[in-house]
Every structure is written in structure tokens, then in C-alpha cells.
Amino acid sequence: MDYRSIASKLKEFNLSETFPEIRRKVSSVGIWSLTEKVDNLWMTYQQMMQFMLQGLHDSQSEKIRQDICFQLEIIVSRLERFERMAKYPSDKYTQARRNLDNVPSFESIVCDMEKLALEMKKVRNDELLRESIRLHQMERLETLHESASQNLFNWIWTSELWQNTDIGQANQFIFSEHISGDDKAIFISAVTLSLFEFTDKAKLLFLLDCYLFDDDQISQRSLIGFLLAFYINFEEIKTCSDIENRLSIYRDDALFLHDVYAVMMQLQMSCTTDSVSSKIRNDIMPVLMRGAMSKRTPEQNFDANEWMKNGENPEWMVNENMNKKMHEMADLQLEGADVYYASFATLKGYSFFNQIPHWFYPFSFESIHTPELKKILNGNTGKFIKLMLNGSPFCNSDKYSLCFTFSNLGQMGEAAIEAQVSSQLPSDMDIDELSENAGLRTSKKDIRRHYIFDLYRFFHSYPYKQQFKNPFDILKKNPLTPLSNPWMEELLCAQKEDLAQYADFLMRKEFYKASLQIFNILAENEFDDHLADIWQKKGFCHQKLDEKTEAIYAYTVANNIKPHSKWTLSHLAALCFSEQKMEEAAKYHKNLLEISPDNSKYLFSTSVALMQCLRFEEALPLLYKATYLDESSIVLRHLAWCLIANAKNDEAMTHILKLLASDCNDEIANVLFSIVLIIDGKMMDAYQRISPIATSSIIADFGEKLAVLCQQNRIENSTRTLFLDALQLNIN
């Protein structure tokens, strides 16, 4: 039995199957402290069973039994971690835990952090200190703080299941008045990362409680970490009534529900990062680069002939395309897409990112402890960097990447940056005043978005990312929705409007299966004013999932609820046509034509559907009108065939010859010409015209058309068979 199975059974208070297995594993590992603890628990449980057999009743027996299960869960967690560390000694997890051998306890780290915070505050506020001494002492304290922060992160990330003392220390840390909000935010990230290693209900409850914190940085990080771990590990916690009861408290909290939906939307939006990066790289950036080049060297791009052609100015066209692409990029960014991931992915090679906690550091100008960054930010170039980052859309780790890039530019590079930024500023603006007033985005939405971007970068760009369970890989395959588990459904599904908006979002982002599950719930309300729209969206999702029968049914329901919708009828007609339901396709095409009788597209598609139903006489007037509105080759080919099927060969030949005059290699025109020759009894002429182009698809189409003429008794079946055989056998 593996450890996950043992842990799962212990959560169900199953000791008969788990206890013997745990005793066997402990004895094979040979850790004396664990062996002693398991033996003591076993002795206690044996006594409980013996007392029961003797007829003695203990009112506390069930509570004691549950406590034994919890203690065994902790032991199982330790055993699993021990085996993992023994099996993978070079993993970052193992190294991080072994680097803590000299750290006595969680409590000692919290005490160190509080002590350092007080000392740093004292030095910072001591007005009697000389500045040089202050800087020296601050550098020393910042070095100690960085080391303590690393220890704290690694301790929490690699920690065992929390017991009451651990929960107490965590609360002491998070509610400390001396420890900074940035340190607390990093602590929350460590708790989140630990939950991707081992499920721990105490940590989940801690994150859920931290959502109530006044600091949005802590609140939003906690909610994101809780939702991810709760979703991914639900099967292991579904028997935990404490979490279910705690969630039920939030059921009527509108702000909490709004934040949950916002987090889910942003998490799923991050799952589209690959497609967004591809669009920017292959579609948007080439247009912007061409536009930039045309602006840079207008004399090389000006062409008088082009300028005169159709009265158009190529430069205007370039600018128009640039504006369109810039708007597209802005819309993606506004929607929450990670438009800068690809640009910064190559800037994560700095040594700063070798340490896992640094991927989760909140970026602020006041808490930069890295020497090279402090140097550049406190210098003249730092003023320009602050202006660039003022209200910027970059996430925390990207801001660090950008600063490290600037720090490596050298004097010439810094001078170039300063000159470039200065040239963009009005002459009456003072750079010193502007940089002092520069700030970073601190809205809840930005904090939430940037932290999720930080998480995405860690799990996709960290050099040892393969050692971690990537939650985004799970979200890509199985999107997070209000229907992901029964507890979320009970929490989130009461607000139908929010539910519908989230389903629409999932559909737009092509998570069709997940959105369809929600639309199925919404479609159950027969009195919903938007019921037709819901069934339309159901049909669309089924269609995208290639579930055509279900799509046709959904579109049919939508059409019954709300008739005369062009969108519904168009999809119904196209689907029925592709499924060879020609009579239905013709009906829906005719419905479209009734709505827009002069629409050339509807005229043509309706006539094609009628011809597939062998209703050529009905199709002909529609094709006449379609040809009048759109005399394209495809319309003329269908008109010629319809004329032949209506025994109007001479008129058909007029259009066939027109097609061949435009393109003598027009295959369909040559097929139709051959058919007319066969009707006229000119078999050899027909054969010589079609045999050079007789591919399998041409022969199949030719045979279908001859079959129609056979049904009309205009040619003999034997003639059709012999002619097709001649083509197949390539008779000369």
C-alpha cells in the first residue's frame, strides 16, 4: 500500500488496514523516534480493544481513536518525506531540508525574524547615527534578514503536517506588528508550495483564515494558494469537515465570492499563456516591427506608384495595422492575459533566481535588499527605472529581471537609457520630482494578477521545475470551475449571474468541456430569460468538441425557444449539411433566406442544399438571383449544373464556356462540359475531355452527377457504368 492510500484510509479512520502497514514501514526505515511513537500508539490502541472486549465502555474512546489516526497521519507524512529524501538526495527539496539541520525549530526562526525586524527599525529611525554607520549596520542586518528569510521559507516549504504548536507559531508570525508585509507574503507562498508537496488540512485552514487579513498582498496570495491546493488535493481532504464548515461561513460573503471567481478566472487565463505568446510572436510583433521600421526610414518606404494606386497612402495603411495590433495587445492585457511572459522568460538566468523564495518576493522600492539592485536604484539611472516601473503591468519577478538587466548594462547602456527616457519627457518636468512620486500598482486586481504570473513563471521557468508538481498543467487539462467538487458547487453555484459569466469566459478561452458543464446546469432553469442564449452556447461548445449530434439538438432547442436567429440557423444549417441531413439543411437555409432574401451567401447555400435534395427546379431561380448578385466561378459552376439537371443544356453551355474562357483548366467546368457531351451522345469527345483530369475525387463527383441523370432517365445506367469503368481503367 502506498503512502497516499494509507493517508486516505487514515482520514476515513481506518486502522485495521493501515496500522499493520505503518508498523511494517517504520520498522524497515529504522528511525528510532518514529518506531517508539508507533509502538506507543499501537499499545494504546491494543488496550482500547481489550477494554472493549472486556465490556468496559469509555466515552472518550472515539476521540482517542481519531487522535491516533491523526498522529499516524503525521508519522506517515514523515515516513514519506524520509523515503523521498533518501531516494532523491540531489533534489532541491532534500537540499533545502538538509540545510536546516542547524536550525533548532520553527519558533526560533520566527523569533529571529521579529528580532531582526525590531533592530532594523531601530537603526533606520536612530537620528543620532552617522549615515555611514547606519548604512553599514543596515547592510549587516539585511544580510542576516535574507538568511533568516531563506530559512523560514525552506522550513515552511519542507515542513511536516502542522500540529497545534506549528499553527500557533504561524499565527504569531502572520499577526506580528514588527514583521513586514513583504515577509508575510513570502511566508504565504511557502505555505502554498508546501501544499503541492503534501496535503495538510491545517495549512489549508490557515490560508483560508489569512484571506481575512487587512493587507491585500497577504489576503490575495492566501486565497490563490488555498484555491489551488484545495482544488488539486480535494480527494485527500473531502472527509475533512473542518474545511467544509469553514467554507460554509463564506457562503453569503459577496466580496469573498467575487474574489474567488476573479482568482479562478485569472488562473485559467494564465493557462492560455502559450497561445497568447504565440499570437504576440507570430502575429502582433511582426506588424509592430514593420511599422517601426517604416517610421524609422520613411524615405526608403515611400513608393509614388503605391501612393497613387486607389488613392491610398501606404504609410496610413501601416499605421492603421499598427494601431489595430496595439489595440489587440491592449485588449489581451486588459483581459488579464500574460502578454510579457515570453519576453521575460529569457531574463530568469540571474543568480538571484537560483533561490526559490526570490521567485515570490513582492517588488517594492523600499525593500530592495540585493546589493546590486540597491546600487542602481539609488543611482541616477534608478530614477528612470522607477519611472518605467511606475504603474507598469509587469509582475514582481519581471520587475526584478528588468532591474538586473539594467544593472548589467554598464555606463554606456545606462547613459543611453537616460537619454531615451529624457527625450520622452516634456521640458518642464523634473526627473527627480517624478521619480520620488513614482509608485507601483497596489490594487487588489493587480496584486492578484501579478502573483499568479509569478507562480506561472516559477513553475515554467525555474531551472529545476521538473522537481515540482505544476498546478497549471492540471488546470490546463481540467479547468477550475464552480463544479469542480461538491463543496465549490455549494459555495458558488447559487449566484447564477456569476456562474453564467464564468461559463462565458471559459467558452471564450476555449475550455469548451468545462464551460459546457456549467451551461448544462444553467439550462435546467426553464424560466430563464436568457435560456435561448444558453442553448446556443451549449450547441457551440458541443460543436467545438466535435459532438455534432448533441450540437444539432442544442441548436434546435435554441431555435424553438427563440426562432429567426441568424446565428442559430446558420450553425444548424451548416451542421445538418455536414451530417448529410439535407432536407433539414435545406429547411434551415430557407429560413435564413426568408430573413435576408437578397443575401447572396444565403441564396447560394440554400440552392446548394436544395440541389443535394435533388430539388433542382426549386434551386434554379435562387441560383439565377445569386449569380446576378455575385458572378463568381463557384456560383457559375453550380448554376451550370443546375441548368443541366433542369434539361437546359444550351444555357448551361453558355456558362460553362464562360468559365473555360476564364480558366481552361477549370476541372468542374470540364466535368460539366463532358456531361453535356454524354447527353448529346458524343461519348468519345466527353471521354477525351475528362480523362486527362480523372482523379479519384473527380471520378466520384462525375459519377454522382451521372447518377442524377440516370434517375431522370436522360442517360442509360449501362452508359454510366461503362463510362466510369473506362475512366477507372484508363482506356485509350
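Quick note: residue numbers are just sequence positions, from 1. None of the values given here were measured: they were computed from a predicted structure.
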Nearest-0.5 Å distance, [atom1] of residue [X] to [atom2] of residue [Y]:
{"X": "Ser222", "Y": "Leu227", "atom1": "OG", "atom2": "CG", "result": "11.0 Å"}
{"X": "Leu161", "Y": "Ile74", "atom1": "CG", "atom2": "CD1", "result": "6.0 Å"}
{"X": "Ser180", "Y": "Lys121", "atom1": "OG", "atom2": "NZ", "result": "12.0 Å"}
{"X": "Ile249", "Y": "Glu244", "atom1": "CD1", "atom2": "CD", "result": "12.0 Å"}
{"X": "Gln217", "Y": "Ile186", "atom1": "CD", "atom2": "CD1", "result": "9.5 Å"}
{"X": "Lys477", "Y": "Cys271", "atom1": "NZ", "atom2": "SG", "result": "12.0 Å"}

Counting neighbours of [atom1] on [X] that are heavy atoms of other residues, nucleotides or ligands and sit closer than 6.0 Å, is the number greater than 12?
{"X": "Glu107", "atom1": "CD", "result": "no"}
{"X": "Lys476", "atom1": "NZ", "result": "yes"}
{"X": "Phe13", "atom1": "CZ", "result": "yes"}
{"X": "Gln495", "atom1": "CD", "result": "no"}
{"X": "Asp214", "atom1": "CG", "result": "no"}
{"X": "Gln466", "atom1": "CD", "result": "yes"}
{"X": "Asn125", "atom1": "CG", "result": "yes"}
{"X": "Tyr553", "atom1": "OH", "result": "no"}

Taking the inter-plane angle between the rings of [X] and [Y] on a 0 to 90° scale, is it parallel (under 30°), tilted (30 to 60°) or perpendicular (over 60°)?
{"X": "His450", "Y": "Phe453", "result": "tilted"}
{"X": "His460", "Y": "Phe472", "result": "tilted"}
{"X": "Tyr93", "Y": "Trp157", "result": "perpendicular"}
{"X": "Phe153", "Y": "Phe360", "result": "parallel"}

- Note on the structure: Per side-chain contact (heavy atoms from CB on, under 4.5 Å), Leu455 is matched among Leu193, Ile224, Leu267 by Ile224
Residues [X] and [Y] bridged, charged N to O under 4.0 Å:
{"X": "Arg457", "Y": "Asp398", "answer": "yes"}
{"X": "Glu550", "Y": "Lys538", "answer": "no"}
{"X": "Arg251", "Y": "Glu490", "answer": "yes"}
{"X": "Glu335", "Y": "Lys509", "answer": "yes"}
{"X": "Glu160", "Y": "Arg81", "answer": "yes"}
{"X": "Lys201", "Y": "Asp242", "answer": "yes"}

- Message: When you compare the side chains of Gln543 and Tyr555, does any donor N or O come within less than 3.5 Å of an acceptor on the partner?
- Response: yes
- Query: Does a side chain donor of either Ser443 or Asp446 reach within less than 3.5 Å of an acceptor in the other side chain?
  - Reply: yes
- Charged tip of Lys537 within 45° of Phe519 ring normal and under 6.0 Å: no
- Message: Let's go through Phe226 and Tyr211 carefully: what are the C-alpha distance in whole Å and the side-chain angles of both, what is the deciding distance for ring-ring contact (aromatic ring centres under 6.0 Å, His included) to 0.1 Å, and is it a yes or a no?
- Response: CA-CA 9 Å; Phe226 171 79; Tyr211 167 76; 9.6 Å; no
- Message: Donor-acceptor check, side chain of Ser401 to backbone of Ser397, threshold 3.5 angstrom: yes or no?
- Response: yes
- Sub-3.5 Å donor-acceptor pair from the side chain of Gln268 to the main-chain atoms of Leu480, do we have one? yes
- Message: For Thr481 and Gln517: C-alpha separation, side-chain torsions, deciding distance, then whether side chain to side chain donor-acceptor pair (under 3.5 Å) applies.
- Response: CA-CA 9 Å; Thr481 79; Gln517 292 173 342; 4.7 Å; no
- Which of Lys445, Arg221, Lys444 passes salt bridge (charged side-chain N to carboxylate O under 4.0 Å, His left out) with Asp259? Answer is Lys444
- Message: What verdict does the side chain to side chain donor-acceptor pair (under 3.5 Å) test give for Tyr341 and Ser270, after you've listed the backbone C-alpha separation in whole Å, the side-chain angles of each residue and the deciding distance to 0.1 Å?
- Response: CA-CA 10 Å; Tyr341 171 72; Ser270 288; over 6 Å; no
- Query: Do Met264 and Phe505 pass the side-chain contact (heavy atoms from CB on, under 4.5 Å) test, and can you show the C-alpha distance, the side-chain angles, and the key distance before you say yes or no?
  - Reply: CA-CA 11 Å; Met264 291 196 304; Phe505 162 77; over 6 Å; no
- Message: Less than 6.0 angstrom separating the ring centers of Tyr400 and Tyr350, yes or no?
- Response: no
- Task: Could you walk me through whether Thr94 and Asp91 pass side chain to side chain donor-acceptor pair (under 3.5 Å), step by step?
- Result: CA-CA 5 Å; Thr94 305; Asp91 271 11; 5.4 Å; no
- Walk me through it: do Ile179 and Lys184 pass the test side-chain contact (heavy atoms from CB on, under 4.5 Å)? CA-CA 7 Å; Ile179 293 172; Lys184 294 174 182 178; 4.1 Å; yes
- Note on the structure: Smallest heavy-atom separation, Ile518 atom then Ala503 atom, equals CG2-CB, 3.6 Å
- Message: Could you report the tightest heavy-atom contact between Ser515 and Leu506, atom names first, then the distance?
- Response: CB-CB, 3.7 Å
- Query: Checking ring-ring contact (aromatic ring centres under 6.0 Å, His included) against Phe468, which of Trp359, Phe196, Phe458 comes through?
  - Reply: Phe458
- Query: What do the steps show when you test Lys203 against Asp166 for salt bridge (charged side-chain N to carboxylate O under 4.0 Å, His left out), and what is the final call?
  - Reply: CA-CA 10 Å; Lys203 290 173 188 168; Asp166 300 302; over 6 Å; no
